[in-house]
Novice: 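Structure incoming, see below.
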Amino acid sequence: MHPSTYLNKILFGSHQGQLQLWNIRNNKLVYIFDGWGSSITAIEQAPAVDVVAVGLANGNIIIHNLRFDESVMTFTQDWGPITAISFRTDGHPIMATASTIGHIALWDLEEKKLKSQMREVHHGSVTGMKFLDSEPLMVTSAADNSLKMWIFDQPDGSGRLHKIRSGHYAPPTMIRFHGSHGKDILSAGQDCTLKSFSTVHEKHNKNLGQASMKRSVAKKKGLKHDTFKLPPIINFAAECSREMHWDGIVACHHGFPIVTTWNFQKCCMGTHKLKHKRFDDNLHKHVQATVVEVTSCGNFAVVGWSTGHVDTYNMQSAIFRGSYGIPVAHEGAIRGVAVDGLNQVTITAGTDGLIKFWNFKSKDLIKNVKMDCTILKVFLHRESGMLAVALDDFTLNVLDIDTCSIVRIFVGHRNSITDMAFRSDGRWLLTSSMDSTIRTWDLPLGKLVDSFLLDSPATSLTLSVTCDYLATTHVDDLGVYLWNNRTLFVHVSLQALPDDFEPTVVALPGTCINTKESDNEEIKDVYEFDGNFNSPDQISSELVTLSLLPQSRWKSLTNLELIRKRNKPKEPPKLAQVPFFLPTLPGLELKFATSELKDSSEASRILQIDALAETSELCNYLSRAEETRDYMPVLLFMKELGPSAIDTQIRSLSPIGGGSVHMMIYFIQFLNSELSSKQDYQLVQAYLGLFLKIHGELLTKDSDLTGELETLQRIQTTAWKELNKKFNQSACIVNYLKNATI
């Protein structure tokens with residue numbers, strides 16, 4: 001501790017009971033204070049200068065003056081070693097001391113006596129405690145994974161809980177994302193509690209409470225003294241479709257035959273407790289519920305028992321709705337239950353190695369599927385109908401519940417599989433195992449596409465509906481860790497990994513950035529794309545490639561005359577030039593003099609293009625392309641032009657515009673070449689349409705041009721048939737998916 005006003009001085013407390021004052025600037029020992037016969041566990045600066053509070057392992061608190069080396073006062077705490085000390089600085093002479101059992105004592109320094117006690121502040125040893133400056137607020141932390149703020153406004157001088165940020169004080173057993181937005185994580189822990197953590201902000205966290213058979217008695221006696229507390233939750237299922245009306249969460253407890261319900265909206269344990277009457281006798285006193293499931297409609301709960309029974313209950317009334325199998329569904333404990341999205345099929349899995357498909361309403365058996373070994377757990381993706389089955393031989397089987405057959409088998413884990421999760425579209429299957437790896441399997445490819453190694457095995461994992469977060473829990477770890485999906489932010493090429501791929505160790509997510517640079521070279525993942533991706537000009541010769549030019553450069557080529565006419569400004573009306581005096585012809589009769597018409601041929605100002613026309617740039621490019629048979633320069637030249645310039649260049653191909661019939665033939669050959677390559681498809685179609693519109697009359701009269709157009713027609717027809725075939729195939733698949741009877 002750094003004593004106030006002591007420049008460059010640090011005060012050290014030792015296990016032997018001595019205090020030493022060191023100068024850290026010149027590394028010299030300044031003074032040694034004799035001990036008090038016990039180890040020093042805490043040191044805190046008092047509001048007064050030169051005075052510190054020293055906490056000892058025997059429970060004594062010494063107020064000591066450093067300047068005179070004298071003890072001012074001594075207090076004794078009966079709860080064991082002192083773990084933390086703090087002083088109020090808002091005008092009240094109060095000192096707070098913490099203990100290893102979670103109690104806090106408040107001492108009056110003026111009267112030198114105990115002011116009040118705050119018992120059971122934390123579930124365990126208080127590790128930190130600090131009064132805020134000039135505020136009646138105190139912040140405490142403990143080994144129970146909580147941070148609490150206390151406000152001191154009670155008549156006896158004690159504090160009441162003001163704010164709390166807490167997690168599980170025992171490792172979590174199971175986590176699942178809850179809700180349609182994927183922002184809340186339900187977590188069950190070995191501390192017998194069910195909590196909800198928000199991925200948006202900690203203020204949205206919820207504590208659904210501790211499981212107890214008699215909640216009213218637990219509230220009176222306190223959670224620590226609740227004799228009716230239930231064992232930890234080992235499995236739960238949640239559905240949010242009817243949670244506004246009744247309980248939407250069911251949970252089974254370790255070694256306990258009763259299934260409890262929970263309400264997410266009310267943040268409390270539900271009123272119903274599910275247990276069949278067959279288990280009331282002494283023969284079934286060791287029965288326990290092993291797995292639970294809630295239907296997608298939120299009306300029914302399916303419970304699997306260690307005896308092989310599978311029962312259905314109503315969520316609203318907890319009424320028993322029937323059992324599967326006569327007399328049992330499986331000859332062994334139930335390891336997994338699942339119900340499809342339409343409440344048509346119920347799937348059960350047991351230790352007998354069988355997966356059974358039942359009719360949900362009639363409870364009749366539909367089909368059996370025999371696995372190679374004992375089933376560990378199952379996980380159903382309702383949207384795609386894919387059922388993931390983890391076996392005791394560390395393999396994964398994926399079944400299609402529509403055909404009741406195995407469609408994929410994944411091998412790679414070297415220890416028991418702890419949990420599974422599907423991506424929302426059913427393409428990925430993520431699995432965790434006791435071999436400390438998390439693997440991502442691609443179902444369409446049937447291959448492993450991602451794998452990484454952790455320092456601690458994951459006990460549970462869950463993937464959000466939006467696929468942006470992966471949450472994991474780990475062995476002997478109190479936290480819930482969040483991982484980002486990198487494919488949403490950067491380009492990641494997910495390729496199939498080799499069978500002998502060895503994953504690299506990845507550190508768990510933390511709250512601080514590790515800036516330490518490794519001395520070794522960076523190890524790059526083999527599946528991560530490095531560098532800039534350059535797309536090829538043509539992915540496949542069977543595909544049609546469109547141009548990247550904007551539509552304004554080619555879509556209006558055939559409508560240029562209409563656009564010019566529409567955009568032409570309107571001229572104001574001109575006044576007639578009428579003379580004031582009308583001229584007359586000489587003679588006896590009155591006749592007006594009219595202006596003689598001038599010869600139109602002499603007055604014409606139209607420029608004759610035939611005499612002054614020069615060869616256009618397009619004609620020059622076509623002439624060079626005819627020699628080299630390389631039409632790429634022609635296409636690049638056309639891409640640089642605007643719509644009006646393209647119209648001018650194509651008009652210049654005719655003999656009237658300065659070109660020739662040969663130039664028109666060269667341009668048709670250019671179009672043939674581009675259509676055959678299937679590149680810049682819509683751009684070439686626009687050039688062709690404008691060419692036919694401008695030179696249509698000349699093309700029908702010349703036999704050479706007609707022959708070239710027949711060749712162009714065959715190429716155009718072939719390309720369109722292939723494209724139309726793919727359009728019809730895609731439309732057929734879409735119509736089938738829209739209209740197929742499920």
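This one's a predicted model, so the numbers in the text were calculated from it and none came from an experiment. Just so you know, these numbers use all the heavy atoms, side chains as well, and skip hydrogens, waters and symmetry mates.
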Novice: When you compare the side chain of R160 with that of I151, does any pair of heavy atoms fall below 4.5 Å?
Specialist: yes
Novice: Compare all side-chain heavy atoms of L463 with those of R423 and state whether any distance is below 4.5 angstrom.
Specialist: yes
Novice: List the residues meeting side-chain contact (heavy atoms from CB on, under 4.5 Å) with T127, not counting sequence neighbours, and say none if there are none.
Specialist: S141
Novice: Using the six-membered ring wherever Trp is involved, compare the ring planes of F360 and F300 and label them parallel, tilted or perpendicular (cut-offs 30° and 60°).
Specialist: perpendicular
Novice: Applying ring pair (Phe, Tyr, Trp, His ring centres under 6.0 Å), can you list everything that pairs with H330, at least two apart in sequence or on another chain?
Specialist: none
Novice: How far apart are the closest heavy atoms of D247 and M315, and which atoms are they?
Specialist: O-CE, 3.1 Å
Novice: Tell me the salt bridge (Lys or Arg N to Asp or Glu O under 4.0 Å) pairs involving residues 284-295, sequence neighbours left out?
Specialist: E293-R382
Novice: Walk me through whether K273 and T261 qualify under side chain to side chain contact (heavy atoms under 4.5 Å, CB included).
Specialist: CA-CA 7 Å; K273 295 175 177 60; T261 62; over 6 Å; no
Novice: Any side-chain donor-acceptor pair under 3.5 Å between T374 and T351?
Specialist: no
Novice: Quick test of your reading: applying salt bridge (Lys or Arg N to Asp or Glu O under 4.0 Å), list the pairs with at least one residue in residues 304-313, sequence neighbours left out, ordered by first then second residue.
Specialist: R278-D311
Novice: Take a 6.0 Å sphere around CG of D78 and say whether it holds more than 12 heavy atoms from other residues, nucleotides or ligands.
Specialist: no
Novice: If the condition is ring pair (Phe, Tyr, Trp, His ring centres under 6.0 Å), which residues does F264 pass it with, not counting sequence neighbours?
Specialist: H178
Novice: Taking atom types as modelled, is there a side-chain donor on H474 or T459 under 3.5 Å from an acceptor on the other?
Specialist: no
Novice: Can you name the residues that form a ring pair (Phe, Tyr, Trp, His ring centres under 6.0 Å) with H276, not counting sequence neighbours?
Specialist: F320
Novice: Applying salt bridge (Lys or Arg N to Asp or Glu O under 4.0 Å) to R427 and D442, what does each step give before you reach the verdict?
Specialist: CA-CA 6 Å; R427 183 178 180 87; D442 192 292; 3.2 Å; yes
Novice: Flag this pair as yes if the NZ/CZ of K363 is under 6.0 angstrom from the six-membered ring centre of Y324 and inside a 45 degree cone about the axis; otherwise no.
Specialist: yes
Novice: Would F410 and T395 count as a side chain to side chain contact (heavy atoms under 4.5 Å, CB included) here? Give the steps.
Specialist: CA-CA 6 Å; F410 298 118; T395 60; over 6 Å; no
Novice: Should L230 and F256 count as side-chain neighbours, where that means a heavy-atom distance under 4.5 Å?
Specialist: yes
Novice: Does any donor atom in the side chain of S198 or H201 lie under 3.5 Å from an acceptor atom in the other side chain?
Specialist: no
Novice: Answer yes or no: does atom NE2 of H245 have more than 12 heavy-atom neighbours from other residues, nucleotides or ligands under 6.0 Å?
Specialist: no
Novice: Would you say E331 has more than 12 foreign heavy atoms packed within less than 6.0 Å of its CD?
Specialist: no
Novice: Near K130 NZ, under 6.0 Å, is it more than 12 heavy atoms from other residues, nucleotides or ligands?
Specialist: no
Novice: In sequence, state the C-alpha distance, the side-chain angles, and the governing distance for H162 and K148, and then conclude on side chain to side chain contact (heavy atoms under 4.5 Å, CB included).
Specialist: CA-CA 8 Å; H162 182 50; K148 298 181 179 181; over 6 Å; no
Novice: Please determine whether side chain to side chain contact (heavy atoms under 4.5 Å, CB included) holds for the pair L470 and L482, giving the CA-CA distance in whole Å, both sets of side-chain angles, and the decisive distance to 0.1 Å.
Specialist: CA-CA 6 Å; L470 170 68; L482 283 180; over 6 Å; no
Novice: Which atoms form the tightest heavy-atom contact between P232 and C192, and what is the distance?
Specialist: N-SG, 3.8 Å
Novice: Are the aromatic ring centres of F152 and F131 under 6.0 angstrom apart?
Specialist: yes
Novice: Sequence neighbours excluded, which residues qualify as side-chain contact (heavy atoms from CB on, under 4.5 Å) partners of S460?
Specialist: M174, I175, R176, D419, T473
Novice: Please verify the inter-ring angle class for Y169 with H123; under 30° counts as parallel, over 60° as perpendicular, anything in between as tilted.
Specialist: parallel
Novice: Are H413 and F394 near enough that their ring centres are under 6.0 Å apart?
Specialist: no
Novice: Looking only at heavy atoms, which two atoms of T418 and K377 are closest? And how far apart?
Specialist: O-NZ, 2.5 Å
Novice: Specify whether F452 and W483 have parallel, tilted or perpendicular ring planes, treating 30° as the upper limit for parallel and 60° as the lower limit for perpendicular.
Specialist: tilted
Novice: According to side-chain contact (heavy atoms from CB on, under 4.5 Å), who are the partners of N368, at least two apart in sequence or on a separate chain?
Specialist: K356, L365
Novice: Can you list everything that forms a side chain to side chain donor-acceptor pair (under 3.5 Å) with D400? Sequence neighbours excluded, please.
Specialist: none
Novice: With sequence neighbours excluded, tell me which residues meet side-chain contact (heavy atoms from CB on, under 4.5 Å) with T100.
Specialist: P81, T83, S125
Novice: Can you find a heavy atom in the side chain of V505 that is under 4.5 Å from one in the side chain of L453?
Specialist: yes
Novice: Please collect all salt bridge (Lys or Arg N to Asp or Glu O under 4.0 Å) contacts where either partner lies in residues 192-209, sequence neighbours excluded, each pair once.
Specialist: R165-E202
Novice: Return the set of residues passing ring pair (Phe, Tyr, Trp, His ring centres under 6.0 Å) with W262 (not counting sequence neighbours), or none when no residue passes.
Specialist: none
Novice: Between CD1 of I185 and OG of S187, what distance do you get to the nearest 0.5 Å?
Specialist: 8.5 Å
